[in-house]
Amino acid sequence: MERSQQIVCEKRSYSREFHSHQHEFGQFLFPLHGSLDIRTQQQKINLGPDYCFYLPPNFHHNYRSVDRNEFLILDIPLHYLPNSTESMHIRLDKHWTSIRYLLLEEAAARNGLSPLSDLTRYIAKKLQTSNPPSIDYIHRHFKEPIRVETLAKIEHYHPVYYSEWFKKRTGKSPKAYILELRLQEAEHLLLSTGWSMSRISEELGFENASSFTRWFVRHKGTAPKKYRFL
């Protein structure tokens, strides 16, 4: 078991052999060159240049790299972290790319812990406010058909485990979560627009207004036209 009571931000490289360990601190891995194979009890991930990965404390994992590689590593002591965190495979969008850039600057500067400490607190807070990639995917695509297998693949989980993980995290099954989003959007469009039933049904991904009406009645107990004027 590895221990760390201070923030560590540095570049590291990994060998071709699988190594196995866990540590009493959280850890972010940002690829700079090459990729890293990471295996946990439920996930198999090839961490490439478009993603970063967060490992929570006391999280057993195996890792190796089969190519030339370099990673920016941020080790986060427990007192910076929320009470409980879980592994996250995060796309490096503009925001996370900017975070990586700032960490690289801090790793190179070595001007003391004050700026790095503030940046680490900010990153730790993002762990509480950021949705896992599959939930972000749902919010972007809930108007379209979504398979659990697709969501599980995004998180690198088996579909059965993914459903258990999702319910533990949100209190709902993926199907119920998506249904709630679609109903909320339907209610919003009915009450805030003058759109026809045909246009609303098309916006929500239904084949026609009749399909939308039957679906809405089944879940809300009233026809959408009547709901609009309640």
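Just so you know, residue 1 is the first one in the sequence shown, and it goes up from there.
A ring-centre distance under 6.0 Å is not found for Tyr101 and Trp96. A centroid separation of 6.0 Å or more is found between the aromatic rings of His19 and His21. Proximity of the aromatic rings of His60 and His23 is defined here by a centroid distance below 6.0 angstrom, and this criterion is not met. Under the 6.0 Å cut-off for aromatic ring centres, His139 and Tyr177 qualify, their centroids lying closer than that. Between Phe71 and Phe30, the ring centre distance reaches or exceeds 6.0 Å. In summary, the aromatic rings of Tyr51 and Phe53 are positioned with their centroids too far apart to meet the 6.0 Å limit.
The pair Arg12-Asp75 meets the salt-bridge criterion, since a charged nitrogen lies less than 4.0 angstrom from a carboxylate oxygen. Note on Lys220 versus Glu187: salt bridge recorded, some NZ/NE/NH1/NH2 to OD/OE distance being below 4.0 Å. At a threshold of 4.0 Å, the pair Lys172-Glu180 counts as salt-bridged, since one of the basic side-chain nitrogens sits closer than that to a carboxylate oxygen.
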message: Using side chain to side chain contact (heavy atoms under 4.5 Å, CB included), reason through Lys225 and Met197 one step at a time and then give a plain yes or no.
response: CA-CA 8 Å; Lys225 287 184 179 180; Met197 295 302 108; 3.7 Å; yes
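Annotation: the span from Ile7 atom CD1 to Glu106 atom CD amounts to 10.0 Å, rounded to 0.5 Å.
For the pair Arg182 and Phe206, the distance from NZ or CZ to the six-membered ring centre is under 6.0 Å and the angle to the ring normal is within 45 degrees.
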